[in-house]
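The structure under discussion appears below in the form of structure tokens.
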Amino acid sequence: MVRIDRPRGTRDFLPDEMGERRSIESVFRGVVERWGYGEVKTPTFENLDLFTIKSGEGISDEIYTFMDKGERQMALRPELTAPVMRLYVESFQVSAKPCKLFYFDNCFRYERPQKGRFREFWQFGVELIGSSQPEADAEVITLAVEMLSSVGVKGELHIGDLSIIRSIIEELSPAQQSRIMRLVDKKDDAGLEYYLGEINAPSALCEKLFSLISLSGRDTLKEALKITGDLPEFDRFRRTLELLDALDVEYTVDLGIARGLDYYTGMVFEIYSNQLGAQNQICGGGSYKLTHLFGGKETPSTGFGIGFDRVMEICKPRRPKTPSLYLASFDDTRTDAMKIAKKLRKHIKVDMDVMNRRFKDQLKHANSVGSDFVLILGKNELESGKIAFKNMESGEQELLTIDEAIERVQ
RNA sequence: GCCUGGGUAGGGUAGCUGGACAUCCUAUGGGACUGUGGAUCCCACGACUCGGGUUCGACCCCCGACCCGGGCCCCA
């Protein structure tokens with residue numbers, strides 16, 4: 001016999017865990033729906049080009065790809081922003097703006113599995129499409145924070161704006177810019193200095209760059225303004241922060257955030273949890289422009305993705321326990337018991353024996369699966385048109401009609 | 001891709017500087033017990049991750065693969 005295991009980096013979810021996941025999911029759904037977002041679903045696989053066109057080098061190596069029978073290069077989606085933007089271009093370009101969408105689906109990346117990192121993982125995210133206003137950025141960030149706090153997760157929010165650092169390195173090639181952003185993101189100052197020397201970057205640029213990334217604290221923006229001179233991006237960023245202040249959202253300004261995907265253009269943010277190991281980022285997002293790459297008009301958008309599995313690691317969902325009922329019967333009442341169970345199940349959760357167990361063993365089983373109540377249907381009960389209702393905790397038992405029994409557990 | 005620790009029934013474990021049938025607990029199914037559960041006892045079930053090598057003989061030693069955990073890189 002050949003034993004077949006789960007593919008590496010994937011998981012099975014058992015009923016208890018699924019219950020917890022569903023309960024968190026429904027809290028998230030409740031929040032985004034109240035904020036006016038509508039759900040979309042995109043295919044599990046797409047044309048590979050959708051992801052390679054602009055997501056950057058990093059993600060290309062970790063995509064699951066395959067050739068279909070028509071010799072097309074396909075890919076299991078590694079993220080959902082690009083697919084949702086593709087969907088937007090196909091279906092929502094002429095709809096009223098802004099277009100507010102959310103999704104909850106699995107993504108795939110070929111990476112080394114670790115705590116909080118899997119090859120199949122779930123993302124819950126939103127995209128607010130069509131607005132370039134700071135109000136849009138502020139709404140999206142606030143929503144992310146709100147979602148996490150709605151399930152009891154405390155995170156540390158870091159916000160940056162790529163256009164500020166970009167403005168001083170824009171004279172360099174895109175590849176050089178990208179490399180620099182990565183070093184900045186890693187906070188690898190030595191590596192950054194070495195690289196800047198290697199490409200012969202002007203010393204004025206280096207000086208500005210290093211003073212920018214060393215900024216922190218409340219006056220970060222004011223100081224940055226002195227270094228870069230006036231930029232239109234500053235106003236938008238400043239207004240975003242003002243709004244967050246007004247909404248009581250706590251944050252840290254961090255101009256060094258770069259993000260792993262290359263399509264972000266302006267505001268970027270990340271939320272970390274200190275309750276995880278190395279994989280401590282539970283949410284990431286920002287503003288970007290992607291639609292023109294998929295044949296649409298250039299459309300400013302802002303969105304984020306929450307690492308659902310990482311949230312599950314942190315929060316301990318408590319599920320409301322519904323009372324469970326077990327219907328016990330005898331050989332001569334089995335048929336009637338099944339009929340009654342079918343009727344009861346229109347209203348409440350009922351379990352019953354399907355192993356042809358003896359009466360005593362049925363009670364034993366009801367006990368071991370933690371039933372709260374047992375309904376007993378024997379010849380006596382059947383003749384009286386009632387059913388015995390036994391409380392498994394107290395051991396007390398009484399004779400009730402079916403309707404009374406339903407009422408008792410609801 | 002790199003570094004590091006680890007894999008014995010469904011879960012938890014003992015054993016191994018090489019020696020006969022691999023220990024115990026728990027879970028599950030059945031019985032003691034054909035209308036009343038939780039206890040007890042009995043029975044059944046069920047494992048050395050896989051493949052090579054060394055050896056008269058490998059769960060144990062060596063090599064490789066696979067998988068899991070932790071870290072790096074990257075990211076959610």
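What you see is a predicted model, and the numbers here were worked out from it, not measured in a lab. When reading the values below, keep in mind they use all heavy atoms of this one structure, side chains included, and skip hydrogens, waters and symmetry mates. Proteins get letters first, then strands, A, B, ... in listed order; numbering begins at 1 in each.
- Rounded to whole Å, the distance from NZ on A:Lys115 to P on B:rC75 is 21 Å.
- The base of B:rA76 has none of its N or O atoms less than 3.5 Å from a complementary donor or acceptor on the side chain of A:Glu313.
- Interface remark: the A:Arg117 side chain does not form any donor-acceptor pair with the B:rA76 base, using a distance-only criterion of under 3.5 Å.
- Although no hydrogens or angles enter the test, the distance criterion places a donor-acceptor pair under 3.5 Å between the side chain of A:Thr291 and the main chain of A:Lys297.
- For A:Arg310 against B:rC75, a side-chain N or O and a base N or O form a donor-acceptor pair under 3.5 Å.
- RNA chain B is contacted by both A:Gly305 and A:Gly9; A:Gly9 maps to the nucleotide lying nearer its 5′ end (nearest heavy atom per residue).
- One interatomic measurement links the two molecules: CG of A:Asp353 to C1' of B:rG29, which rounds to 13 Å at whole-angstrom precision.
- Because its NZ or CZ atom is both nearer than 6.0 Å to the ring centre of A:Phe13 and within 45° of the ring axis, A:Arg21 counts as a cation-pi partner of that residue.
- Using modelled atom types, one side-chain atom of A:Ser211 and one backbone atom of A:Glu207 make a donor-acceptor pair closer than 3.5 Å.
- For B:rG7, the paired nucleotide is B:rC66, the pair qualifying as Watson-Crick or G-U wobble because both relevant distances are below 3.5 Å.
- Residue contacts for A:Gln362: at a heavy-atom cut-off of 4.0 Å it reaches no nucleic acid atom on any strand shown.
- Note on A:Phe118: a base of the nucleic acid sits closer than 4.0 angstrom, heavy atoms only.
- Look at the P atom in both B:rC60 and B:rG7: the space between them is 12 Å, to the nearest Å.
- Salt-bridge annotation for A:Arg11 and A:Asp309: present, with a side-chain N of the basic residue lying under 4.0 Å from a carboxylate O of the acidic one.
- Considering only side-chain N and O atoms, A:Arg112 lies nowhere under 4.0 angstrom from the phosphate OP1 or OP2 of B:rC74.
- Ring geometry for A:Phe269 versus A:Phe304: interplanar angle over 60°, hence perpendicular rather than tilted (30 to 60°).
- We find that the ring of A:Phe121 and the base of B:rA76 stack, their centres lying under 5.5 angstrom apart and their planes tilted less than 30°.
- Residues A:Arg8 and A:Glu120 are not paired through a salt bridge, judged by the lack of any N-O separation under 4.0 Å between the basic side chain and the carboxylate.
- Rounding to whole angstrom units, CZ of residue A:Phe104 and C1' of B:rA76 are separated by 13 Å.
- The partner of B:rC73 is absent, by the rule that a Watson-Crick or G-U pair needs both atom distances under 3.5 Å.
- In this structure, A:Gln114 places its CD atom 16 Å from P of B:rG5, rounding to the nearest Å.
- B:rG37 and B:rA47 are spaced 34 Å apart, taking the P atom of each and rounding to whole Å.
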At under 4.0 Å between heavy atoms, how does the protein contact nucleotides 34-46 of chain B? Give one character per nucleotide, 5' to 3', with B, S or -. SBBBB--------
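- Annotation: B:rA22 and B:rC16 have their C1' atoms spaced 11 Å apart (nearest Å).
- Searching all strands for a Watson-Crick or G-U wobble partner of B:rC56 with both distances below 3.5 Å returns B:rG19.
- For the pair A:Thr10 and A:Asp309, both in contact range of RNA chain B, the more 5′-proximal nearest nucleotide belongs to A:Thr10.
- Electrostatic pairing of A:Arg29 and A:Glu39 counts as a salt bridge here, judged by a charged N lying under 4.0 Å from a carboxylate O.
- Considering only side-chain N and O atoms, A:Arg357 lies under 4.0 angstrom from the phosphate OP1 or OP2 of B:rG30.
- Taking the six-membered ring where the residue is Trp, the centroids of A:Phe104 and A:Phe28 are separated by 6.0 Å or more.
- The CZ-P distance, from A:Phe269 to B:rA76, rounds to 11 Å in whole Å.
- Using a 4.0 Å heavy-atom cutoff across all strands shown, A:Cys283 reaches sugar-phosphate atoms only and no base atom.
- Between B:rG11 and B:rU28, the two C1' atoms lie 12 Å apart (nearest whole Å).
- If you check B:rC74, B:rC68, B:rA76 against the side chain of A:Glu62, the one that comes closest is B:rC74.
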